[in-house]
Amino acid sequence: MASSNHPGGAPPARTMASTPTTAVVSCAVRPTDLDTNDMPRALLPIGGQPLIKHTLMQLVDAGVTRIVLVIGYRGQLIRDQLTSSPELKKVTLDIVDLGDAWRAGFSASLLAARKAVHTEDFLLCTFDHVFDPSIIKRMLALPATANGTTVLVDTSRREPIAGSGECTLLSVVDEDNTVTKVNPAHPVEASGIEAGLFKSTAVLFDVLEELSNQKPYFKFAEVLSELAQRGTLHAMPVDGSAWFAVENFLQLAHAREHAATGLPLLTRAGSSNPPRRSFIAPVSSDPEAITSRPDGISKVIGPGGAAPATKLNICLVGLGRAGQFHLRSISMLTDKVRLVWVVDVNEEQVAKITNQYDCQGTADLDIPLNDPNVDAVIIASTTFLHYDHIIRSLKAGKAVLAEKPISHDPAELTHVIETAHKNKIPFLAGYQRRCDKNFRALKQQMVAGSVGGTRVIKCTSRDNPEPPLEYLRISGGIFHDMLCHDFDMIHYLTGEFPESVYSIGHTYNKAIAEMDDIDTAVVTLRFASGILATVDTSRIAAYGYDQRIEVFGDKGMCQAHNMSESSIMVASVEGYTTPRSEWSFPQRYPQAYLTELAEFVEMAKNNLPEEEPSVMRHIMLEKVTTAAELSYRLGRPVRVDEVEASAATCPSTRSPPAQVSARCARAAATVTSPGPPPKDGRASGRQGRAARAAVGEAQDRTPARSGRRGPSARGLSADRPRMIGAGRRRGRPVPLGLAREVEGEIGLSLNHIANH
């Protein structure tokens with residue numbers, strides 16, 4: 001691309017200032033999974049100070065006297081934090097607020113700083129990169145290059161860092177460190193990666209403006225590529241000095257680990273501490289990158305070469321289906337974890353795994369819990385044993401990663417959460433969808449405002465193949481086994497819990513009906529903010545595993561589609577043929593399980609418990625799930641606040657399956673009416689009779705004889721009134737006998753409904 005301002009070649013040389021003291025810091029980047037509405041990534045605390053403050057102070061300590069800070073997403077929060085900071089009083093801080101224009105991305109946002117930069121040359125970096133002041137001083141001391149840009153290059157890495165923003169490979173070949181190629185076709189041609197620090201002239205703004213005139217969004221790598229084509233891009237090597245990037249959860253954990261030593265995040269000029277001549281490589285949270293790099297997610301490189309990271313010693317409890325997923329993940333992270341114990345009652349399976357993984361095995365959990373070499377416990381045992389195994393592990397002081405459910409007994413659930421929180425023990429419940437890269441990308445789009453204010457969320461969650469009956473008998477039922485994942489995902493995307501839920505369902509498999517469970521359900525959730533959400537779920541989908549989410553807002557819509565077996569599409573005279581979805585969740589989520597384990601390892605190694613709202617959400621999530629099942633069994637909407645702690649035991653997987661319905665019935669008998677009853681009180685009386693009948697019937701239940709879920713199979717009286725949709729204005733179904741009373745209110749007649 002030739003310069004439109006200077007056709008035929010590079011622009012004329014400019015007169016350079018001797019030493020730039022101005023730095024441009026961009027905080028107007030698109031959000032990542034670390035950003036929330038209440039806490040943008042720039043304000044994440046590291047060592048008692050927000051990340052952005054570390055970045056700015058490194059510049060100040062290196063001699064920068066003026067900082068132009070470009071802000072955008074949640075900019076007012078960042079502005080308030082920095083303008084009140086006494087440490088920044090000794091530097092001139094000019095803030096450029098882009099407002100909503102930050103959505104154009106990092107590259108385009110830099111143009112906003114052009115008018116605020118009064119010196120001929122300047123430093124440029126992003127807020128999420130922190131450098132040893134020695135690096136910045138070397139960059140400042142470089143001789144001025146007319147119309148040139150110098151980029152910091154880390155030559156210890158010659159491959160892309162997936163999951164870490166715009167990671168750019170650079171080829172440096174000639175003696176004066178001129179960059180000849182950006183993102184070469186073959187990584188072997190690369191000399192290193194750009195590390196996010198630049199010294200430039202106004203020519204950088206010229207290139208930014210040219211690209212912005214051609215397209216609304218472009219990556220910074222395109223800017224560097226144009227500079228390389230002009231021969232004006234030069235490299236300065238890191239040379240072993242320390243720098244950090246904080247773009248994902250694992251990088252955040254490493255930064256906090258560094259700060260937890262009590263030292264500054266990076267050694268500052270004038271510190272009495274000796275410089276830490278180490279380089280912390282950007283850490284990838286992308287499971288594909290982890291899989292392709294079995295030698296490690298990160299490396300610490302110092303004067304003596306590579307220093308091996310301390311491994312986390314793990315005990316795996318349960319070698320069944322879930323346990324096998326964790327074994328696979330452990331085998332992918334051998335530089336980070338060491339399997340030292342397995343626990344299972346199946347002696348043959350224990351012998352097989354101990355031989356394969358060179359670890360110890362037992363059927364007695366107390367033995368590894370008393371082993372001081374065990375750092376963490378992964379619990380993948382039979383569902384009804386989870387609580388016992390979790391609480392024993394926590395009391396032994398071990399970090400815990402547990403498959404859900406923690407427990408369906410509210411008292412036990414609360415006990416686990418409070419034990420972990422009070423003792424500050426890392427504890428993570430296995431809702432692996434939160435670690436899926438597609439759903440994380442969906443959340444990023446929501447946080448970035450791509451869809452505006454959220455109005456409707458639609459989740460499709462269809463299992464495949466149908467789980468074995470032996471598993472379904474102990475699963476806790478479709479609500480607590482499957483739908484809880486969707487409720488957690490909706491909370492992950494919105495940060496909210498619903499006020500009320502309404503569930504309908506049906507059973508097509510008679511064997512599942514005999515368990516007093518269903519295999520197909522649709523749940524509607526209503527939130528105080530006005531958000532409406534629906535989840536449709538099924539135990540089987542003939543075409544493959546089906547996991548989709550759609551988010552609709554006032555500015556647009558965003559979808560996360562299924563993962564396919566391949567990306568191949570065939571077009572012929574017969575039409576288009578596309579690959580089917582992944583067959584089941586082991587094929588759909590192996591990378592999510594891997595990321596989950598990798599992030600848990602960082603939590604455990606650095607003693608970083610989950611944030612309080614995140615760990616406490618499990619208590620509310622259990623209430624939402626219980627309300628959803630109660631709604632199905634009662635045949636009406638249920639407010640979440642109706643589910644009292646004493647009643648939220650529906651069902652309990654710590655009880656035999658035959659007791660599930662009785663527990664639900666007792667819970668049903670305690671919930672209150674969801675809103676004002678009709679004037680004659682008949683609805684309240686009907687609900688009371690139905691709840692009392694539910695208790696009586698559940699005490700002497702016989703298995704349902706049909707796959708059709710009639711009133712008796714729901715745990716309600718057999719003469720329960722038929723329902724129609726005429727009661728939607730009151731937020732619940734209305735018995736047919738009451739339809740005429742609301743007919744005038746809603747302006748519809750039964751004849752009109754029948755005819756249309």
Side-chain angles (χ1 to χ4, degrees), residues 30-41 43-44 73-74 77 100 103 249 404 428-461 479-480 482-503 521-537 547-561 592 596 610-628 631 637-641 643 731:
R30 292 186 170 187
T32 71
D33 199 52
L34 291 176
D35 292 271
T36 67
N37 288 331
D38 298 326
M39 181 68 72
R41 181 161 43 115
L43 298 183
L44 286 174
Y73 174 74
R74 309 302 288 170
L77 292 175
D100 289 339
R103 291 188 174 89
F249 286 103
K404 59 87 188 164
L428 187 66
Y431 285 92
Q432 87 284 351
R433 293 187 201 175
R434 287 177 171 243
C435 299
D436 178 72
K437 62 181 180 181
N438 298 293
F439 296 146
R440 285 187 169 183
L442 177 64
K443 181 180 179 181
Q444 289 175 19
Q445 291 296 327
M446 294 176 66
V447 172
S450 299
V451 300
T454 302
R455 295 183 176 181
V456 176
I457 297 178
K458 297 180 181 179
C459 295
T460 296
S461 180
F479 289 91
H480 290 268
M482 287 187 64
L483 282 159
C484 64
H485 279 284
D486 299 285
F487 301 154
D488 182 68
M489 180 51 55
I490 292 172
H491 175 261
Y492 169 71
L493 295 175
T494 65
E496 302 179 30
F497 287 108
E499 283 189 324
S500 64
V501 297
Y502 178 52
S503 309
V522 176
V523 182
T524 302
L525 305 94
R526 180 185 293 273
F527 294 78
S529 64
I531 294 175
L532 302 177
T534 62
V535 184
D536 80 83
T537 190
Q547 295 278 304
R548 290 170 285 142
I549 300 178
E550 177 182 296
V551 179
F552 169 72
D554 60 344
K555 292 184 178 180
M557 181 267 290
C558 189
Q559 293 178 327
H561 292 288
E596 177 185 67
E610 271 195 296
E611 300 288 340
E612 183 175 358
S614 181
V615 72
M616 288 297 186
R617 82 180 193 274
H618 298 293
I619 297 174
M620 193 63 184
L621 183 62
E622 172 63 19
K623 289 188 178 182
V624 173
T625 307
T626 296
S631 173
V638 170
R639 290 183 57 86
V640 175
D641 59 16
V643 182

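What you see is a predicted model; the values in this text were computed from it and never measured.
Closest heavy-atom contact between I490 and T494: O-OG1, 2.8 Å. Here the closest non-hydrogen pair linking K404 and H480 is NZ-O, 3.8 Å. Considering every non-hydrogen atom in both F527 and P498, the closest pair reads CE2-N, 3.3 Å. The shortest heavy-atom contact between C459 and I549 is SG-CG1, 4.2 Å. D488 and L621 make their closest contact through N-CD1, 3.6 Å (heavy atoms, listed as atom of the first residue, atom of the second, distance). Between C484 and T625, the shortest heavy-atom contact is CB-OG1, 3.7 Å.
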ask   = So V643 and E622, side-chain contact (heavy atoms from CB on, under 4.5 Å) or not? Walk me through it.
value = CA-CA 10 Å; V643 182; E622 172 63 19; over 6 Å; no
request  = Output, in order, the C-alpha distance, side-chain angles, deciding distance and verdict of side-chain contact (heavy atoms from CB on, under 4.5 Å) for T524 and L532.
outcome  = CA-CA 7 Å; T524 302; L532 302 177; 5.7 Å; no
task = Could you walk me through whether F497 and R617 pass the side-chain contact (heavy atoms from CB on, under 4.5 Å) test, one step at a time?
result = CA-CA 9 Å; F497 287 108; R617 82 180 193 274; 3.8 Å; yes
ask   = What do the steps show when you test C435 against R440 for side-chain contact (heavy atoms from CB on, under 4.5 Å), and what is the final call?
value = CA-CA 7 Å; C435 299; R440 285 187 169 183; 3.8 Å; yes
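Note that the CZ atom of R526 and the CZ atom of R639 stand 10.5 Å from one another [nearest 0.5 Å]. Taken from CD in E496 to NE2 in H491, the straight-line distance is 8.5 Å, to the nearest 0.5 Å. Interatomic distance, CG of L493 versus CE of M446, reported as 5.0 Å (0.5 Å rounding).
The closest side-chain donor-acceptor pair between S461 and Q547 falls under 3.5 angstrom.
Using bins of under 30°, 30° to 60° and over 60° for the plane-to-plane angle, the ring pair H618/Y431 lands in the parallel bin.
When side chains are defined from C-beta on, Q559 does not count as touching R548, because their heavy atoms never get closer than 4.5 Å. When side chains are defined from C-beta on, V638 does not count as touching T626, because their heavy atoms never get closer than 4.5 Å. Using a 4.5 Å heavy-atom cutoff, the side chains of E596 and L428 are in contact. Looking at heavy atoms from C-beta onward, L525 lies in side-chain contact with V624 at the 4.5 angstrom threshold.
Between the side chain of S503 and the main chain of A628, a donor-acceptor pair closer than 3.5 Å is present. Between the side chain of D554 and the main chain of G453, a donor-acceptor pair closer than 3.5 Å is present.
Both the sub-6.0 Å distance and the 45° axial angle are not jointly satisfied by K458 relative to the ring of F552.
Salt-bridge check for D486 with R433: passed, with a basic side-chain N closer than 4.0 Å to an acidic carboxylate O.
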